[in-house]
Amino acid sequence: MNVVTRIESDKQQAARRMVGRLETLIDRKRLMIDPLYTYAYSGDASSYRLVPALVVIINTEEEVQAVLQAARAEGLSVTFRAAGTSLSGQAVTDNVLAVLGDGWRKLRIHEGADQITLGPAIIVANANKALKPFDRKIGPDPASQATCKIGGVVNNNSSGMCCGVAQNTYHTMARLRVMLTDGTVLDSGDSASREAFRQQRPDILSALHDLHHEVTADEELVALIRRKYRIKNTVGYSLNALIDYHDPIDILIHLIVGSEGTLGFVSEVTYNTVPEHRFKSTALVPFPDPYSCARAITKLSNGGVHVTTGVTAAEYIERRALQTVIHLPAMAPLVPFLTEDSPAVLIDVTAPDAATLDAEVAKAAAILASEGATNIDFSTDADKSAALWDIRKGFFTSAGAARPKGTAMLTEDVAAPIDKLADFVIDLRKLLDDHGYEDAVIFGHALAGNLHFQMADDFSKPGSDTKFDEFSHALSELVSVKYEGSLKAEHGTGRAIAAFVEREWGRKAYLLMSRIKVLFDPEQLLNPGVLINPDPLVHTKNLKTMPLADPLVDMCIECGFCEPACPSAGMTLSPRQRIAVTRERARLAATGEDPARLEALNEQFVYPGLDTCAACNLCSLRCPVGIETGTMILGQRAERRGGAADNIAHWVADHTGAVENFMRLGVGAQSLARKVVGDGFVDAASDAARKISGNRIPRVSETLLRGPGAPKAESVDLRDNPKETGFPVPIAKQDTNTVVYFPACPSRMFGAPKTDLDLLPTTEAMIALLKRAGFNVIVPDGLNGQCCGQPFLSKGFPDEAERVGGKLDTELTRLSNGGAYQIVTDASTCSKHMKEHAQAKALDSSEFLLAEVLPRLKITRPVPVVAVHHNCSAQRLKEQSATEALAAAMAERVAVLSSVTCCGYAGDKGLFIPELNAHATRFAKDDIPDDCKIGISTVSTCASGLSERAGVPFVSVVSLLEAVSRP
């Protein structure tokens with residue numbers, strides 16, 4: 001056994017012993033040492049990969065303390081992870097990876113909204129969403145804010161596009177709660193905690209007091225620190241804490257900021273919020289060359305002083321970066337003004353009122369024109385602004401997706417004084433080209449002199465690490481020495497820059513940082529090798545390789561932007577993790593290097609990777625390049641199907657009517673049993689049967705009721721239809737008030753929970769509404785068993801999906817007179833499938849009801865408040881605004897379930913894998929006001945799952961609209 005193998009084996013054995021120490025406190029499911037889950041957590045958004053010996057999901061300070069004690073006892077180190085969007089390799093480890101669970105989701109807005117207290121698992125965008133009604137936000141605004149979490153923002157001192165230097169965590173933090181390696185907790189906002197800490201850890205406070213006086217007495221060092229923090233800088237520890245503060249406790253908590261989990265664990269933070277002006281104007285402004293663009297940005301920067309009124313953001317985007325997004329609709333107006341070397345700047349001007357905004361826009365436009373901007377077109381349109389900023393926020397992944405397949409994406413962010421920006425841009429471009437990274441793109445927060453660049457390389461090729469090392473040294477000389485800038489402006493030091501901290505700061509400051517690490521963590525228990533690392537080649541080790549696995553996902557850079565949308569993330573695997581494991585399986589299959597490990601990954605992948613993927617593809621909506629992990633999983637499901645499964649699917653496709661009858665009868669039987677013997681008995685018997693059958697028997701909840709079945713056929717007089725009679729009819733006589741209604745099979749099979757509103761079943765309600773609105777309604781005959789084919793596709797049987805769906809398509813095409821009549825259905829899943837796979841395109845209930853029916857109705861008895869869930873298909877159809885508009889017409893108030901993306905019911909997964917539905921909706925109750933008594937959805941199965949989990953009955957939007965509009 002070689003040394004590396006023996007070390008890995010020792011770590012794995014230590015990890016197993018840690019599990020034994022922890023399993024009485026932490027659920028065994030949250031302690032992972034198997035090959036699948038350890039590999040799934042082996043990467044963050046950086047270009048580094050390390051497979052942890054143990055992954056533990058932590059939820060409380062007690063658990064954090066226990067993990068630290070167990071790791072210390074077993075000689076392992078601990079790395080904390082929030083969202084895993086870190087870009088410098090600071091959230092990966094081959095020891096213990098402690099991942100934040102649901103227990104850290106505290107969010108409390110203080111009176112007046114001047115402050116907000118947050119747990120480390122709160123997503124930044126969610127904090128800002130909560131503050132938006134108060135016209136406030138938190139200062140840090142990273143481009144990944146829809147995914148990244150507060151814990152990472154604090155530990156990396158993240159900033160962003162509008163934050164500048166003045167509004168990062170260091171400067172806007174009012175209070176911090178932190179646990180040190182010995183389990184001591186300090187809450188800086190609690191006087192009792194501060195006093196207790198003084199008694200418990202006088203050694204640390206005394207040492208910080210001495211360091212403060214040592215540093216402030218060194219004028220040269222003070223001057224260096226002040227100069228380094230005039231621009232964005234996250235290289236090394238926050239040495240400015242030693243000169244900005246006098247109280248050792250204040251010094252301590254500000255040293256924690258930006259320490260990347262190497263000094264302690266942050267369990268809570270209170271921010272001083274900053275203004276979020278409602279009046280904003282945005283423009284993407286092209287320039288003829290980089291120099292003119294950089295000069296304009298320098299003039300706009302207000303001398304580097306951060307402002308909240310005026311130009312609050314100016315994002316430099318070089319021409320090569322623009323090319324990666326040139327196809328997007330928001331770019332179209334700019335294309336005529338772009339030459340081969342035209343950069344652009346994305347500008348936000350904000351103000352507290354319209355008049356001030358106009359004045360500030362005029363000032364900015366004059367500056368832009370003075371430097372030769374070729375097109376200045378400011379707009380206050382919110383949608384246009386959002387589209388432009390989506391382009392900028394997505395560069396990390398869109399530029400990454402433009403790289404050659406099989407390469408890893410590398411990203412760095414550097415900063416230089418704003419008055420040197422023009423030359424800095426040119427020199428940085430030349431450096432990239434000279435080192436063979438001609439495909440790299442540059443963009444960044446130019447108001448702060450902060451530039452990002454991305455490049456790609458295949459680290460499976462010999463010499464690629466040497467090339468990267470040579471470039472990194474050249475970059476260090478350019479940024480740290482020539483421009484006296486920052487090698488890491490906002491992404492944190494991590495493994496990527498640890499080898500260059502001393503070169504940037506000098507020997508004296510570097511030794512000071514080393515002393516700080518030893519003071520807080522003499523055992524090297526927390527994230528060793530990050531920030532302080534004596535290995536000069538650490539930045540070239542453990543680099544990711546990206547083996548080709550599936551054309552659908554090969555462009556994924558594993559950024560993790562998809563994860564908040566995934567219903568199974570945190571329960572089993574996320575889309576990023578499914579892709580990472582799929583790549584590793586493909587690599588092992590191709591190389592043949594470890595057949596036993598490949599077999600283990602393949603076997604272990606079935607339930608977490610295949611079975612619990614809802615295949616909703618909401619991940620693609622969060623991914624700037626639209627990668628559909630769910631589609632990849634559907635393909636893998638199809639590959640696993642054997643002859644027996646194909647035969648069963650073929651039989652079901654031939655007997656859809658019998659299956660529909662069986663499902664209705666089965667659901668009806670369990671409903672009757674609940675009335676006779678009670679819910680407890682039925683649930684217990686069902687659980688026992690499922691256990692015996694290996695979960696092959698479905699679990700039917702009390703909220704899933706027997707449906708109404710197929711409504712009787714409806715038809716209109718077609719004698720004037722020339723396609724039917726052969727006689728021509730003038731166009732003026734054509735009936736434009738006829739609609740074909742296809743009651744989807746879920747709406748036929750499953751009914752809604754009982755309410756006090758005397759609701760009609762979805763199918764009856766739709767027919768009643770259409771007639772009430774004056775439509776002639778055509779309902780197909782022989783509906784029993786008719787299906788669009790979507791259930792077969794989701795199970796991995798595309799041929800059967802096409803065969804079953806084709807029959808319905810033919811019938812609906814005939815009934816709609818070849819498309820002359822509109823077709824409407826009552827399930828978003830079916831509508832989406834038919835729009836993508838059928839000739840007969842069916843409108844979903846929300847879009848048709850809002851456009852065609854609601855204007856012809858009178859709302860007679862609105863409900864006080866209604867909860868709204870946007871299921872996955874509805875989101876992909878982009879009909880959220882339509883559903884919310886309907887809800888607003890039916891109720892005095894609307895409460896959207898913001899914590900639920902896909903509800904995880906996913907066709908029949910709510911029956912066979914109910915734990916997915918439970919996990920996906922675990923916070924639904926938090927979104928529902930106390931006085932809310934009803935919710936709506938556009939899919940009956942989703943409504944059933946939500947009814948069980950959310951605490952109020954969810955019904956079809958159709959049924960509620962019919963009830964509130966009855967004469």
Point to revise | Min side-chain heavy-atom separation E490-H445 under 4.5 Å | key: yes

Exercise for review: Answer whether the closest heavy-atom distance between the side chains of V266 and I150 falls below 4.5 Å.
Suggested key: no

Practice item. Walk me through it: do S259 and Y237 pass the test side-chain hydrogen bond (donor to acceptor under 3.5 Å, both in side chains)? Key: CA-CA 6 Å; S259 64; Y237 290 115; over 6 Å; no

**Study point:** Side chain E504, main chain L487, donor-acceptor under 3.5 Å
**Key:** yes

Point to revise | Distance, nearest 0.5 Å, that separates CD1 of I633 from CG of L573 | key: 8.5 Å

**Study point:** Distance-only side-chain donor-acceptor flag, T407 / D458, under 3.5 Å
**Key:** no

Practice item. Starting from the C-alpha separation in whole Å, work towards a yes-or-no answer on side-chain contact (heavy atoms from CB on, under 4.5 Å) for D439 and R403. Key: CA-CA 8 Å; D439 292 337; R403 75 194 193 284; over 6 Å; no

Point to revise | Check against salt bridge (Lys or Arg N to Asp or Glu O under 4.0 Å), K541 and D535 | key: CA-CA 10 Å; K541 296 178 179 178; D535 184 351; 2.6 Å; yes

Check your understanding: Where is the tightest heavy-atom contact between K11 and L76, given as atom of each residue plus distance?
Key -> CG-CD2, 4.1 Å

Exercise for review: Grab the two heavy atoms, one from V553 and one from I627, that are nearest each other, plus how far apart they are.
Suggested key: CG1-CG2, 3.7 Å

**Study point:** L118 CG to K149 NZ distance, which is reported to the nearest 0.5 Å
**Key:** 13.0 Å

Review point. Sub-3.5 Å donor-acceptor pair from the side chain of E74 to the main-chain atoms of M18, do we have one?
Key: no

Practice item. Give the minimum heavy-atom separation between P567 and A920, together with the two atoms involved. Key: CB-CB, 3.7 Å

**Study point:** Expected output: side-chain D94 to main-chain L50 donor-acceptor under 3.5 Å
**Key:** no

Practice item. Write down the atom of L263, the atom of L255, and the distance for their closest heavy-atom approach. Key: CD1-O, 3.8 Å

Practice item. Under the side-chain contact (heavy atoms from CB on, under 4.5 Å) rule, what do N95 and T79 come out as? Steps first, then yes or no, please. Key: CA-CA 8 Å; N95 279 248; T79 296; over 6 Å; no

Practice item. Can you see which heavy atom on T545 is nearest to which on S460, and at what distance? Key: CG2-N, 3.9 Å

Review point. Above 12 or not: heavy atoms from other molecules or residues under 6.0 Å from CD of E62?
Key: no

Practice item. May I ask you to test the V235-K228 pair for a side-chain heavy-atom distance under 4.5 Å? Key: no

Point to revise | Euclidean distance, R583 CZ relative to L548 CG, rounded to 0.5 Å | key: 8.5 Å

Check your understanding: What do the steps show when you test F80 against L526 for side-chain contact (heavy atoms from CB on, under 4.5 Å), and what is the final call?
Key -> CA-CA 8 Å; F80 297 109; L526 296 179; 3.7 Å; yes

Review point. Is P142 close to S159 at the side-chain level, that is, under 4.5 Å between some pair of heavy atoms?
Key: no

Exercise for review: Working to the nearest 0.5 Å, report the span between CD1 of I122 and CH2 of W104.
Suggested key: 12.5 Å

Exercise for review: For the pair K544 (side chain) and S46 (backbone), establish whether a donor and an acceptor sit closer than 3.5 Å, ignoring hydrogens and angles.
Suggested key: yes

Check your understanding: Does any N or O in the side chain of N59 come within less than 3.5 Å of the main-chain N or O of G103, such that one atom is a donor and the other an acceptor?
Key -> yes

Review point. Relative to F605, does R585 satisfy both conditions: NZ or CZ under 6.0 angstrom from the six-membered ring centre, and within 45 degrees of the ring's axis?
Key: yes

**Study point:** Whether D141 side chain and M161 backbone form a donor-acceptor pair below 3.5 Å
**Key:** yes

Check your understanding: Could you walk me through whether T411 and M409 pass the side-chain contact (heavy atoms from CB on, under 4.5 Å) check?
Key -> CA-CA 7 Å; T411 182; M409 198 276 292; 4.2 Å; yes

Check your understanding: Less than 4.0 Å between a side-chain N and a carboxylate O, is that true for E563 and R622?
Key -> no

Review point. If you measure from CG on N450 to SG on C163, what distance do you get to the nearest 0.5 Å?
Key: 10.5 Å

**Study point:** Lys/Arg cation over aromatic F500: K488, 6.0 Å, 45° cone
**Key:** no

Practice item. Taking all non-hydrogen atoms of both residues into account, name the closest pair between P564 and T901 and its distance. Key: O-CG2, 3.8 Å

Review point. In terms of side-chain heavy atoms, does T169 have a donor or acceptor partner in Y271 at a distance below 3.5 Å?
Key: yes

Exercise for review: Report yes if the distance between the aromatic ring centroids of H539 and Y48 is under 6.0 Å, otherwise no.
Suggested key: no

**Study point:** Whether Y437 side chain and L431 backbone form a donor-acceptor pair below 3.5 Å
**Key:** no

Point to revise | N157 side-chain N/O to V257 backbone N/O, donor-acceptor pair under 3.5 Å | key: no

Revision key, fill the gap. When rounded to the nearest 0.5 Å, the distance separating CD of E599 from CG of L588 is 12.0 Å

Review point. Would a 4.5 Å heavy-atom cut-off, applied to side chains only, mark F459 and N542 as touching?
Key: no

Review point. Counting distance only, does the side-chain N/O of K517 pair as donor-acceptor with the main-chain N or O of T262 below 3.5 Å?
Key: yes

Check your understanding: Mind checking whether V19 and R28 have side chains closer than 4.5 Å, heavy atoms only?
Key -> yes

Practice item. For the residue pair E260 and N527, confirm or rule out a side-chain donor-acceptor distance under 3.5 Å. Key: no

Check your understanding: Are R30 and I58 side-chain neighbours, meaning at least one heavy-atom pair lies under 4.5 Å?
Key -> no

Check your understanding: For the side chain of R578 and the backbone of G609, is there at least one donor-acceptor N/O pair under 3.5 Å apart?
Key -> yes

Check your understanding: Does a donor on one side chain sit under 3.5 Å from an acceptor on the other, for R503 and Y510?
Key -> no

Point to revise | Within-4.5 Å side-chain heavy-atom neighbours: E628 and L552 | key: no

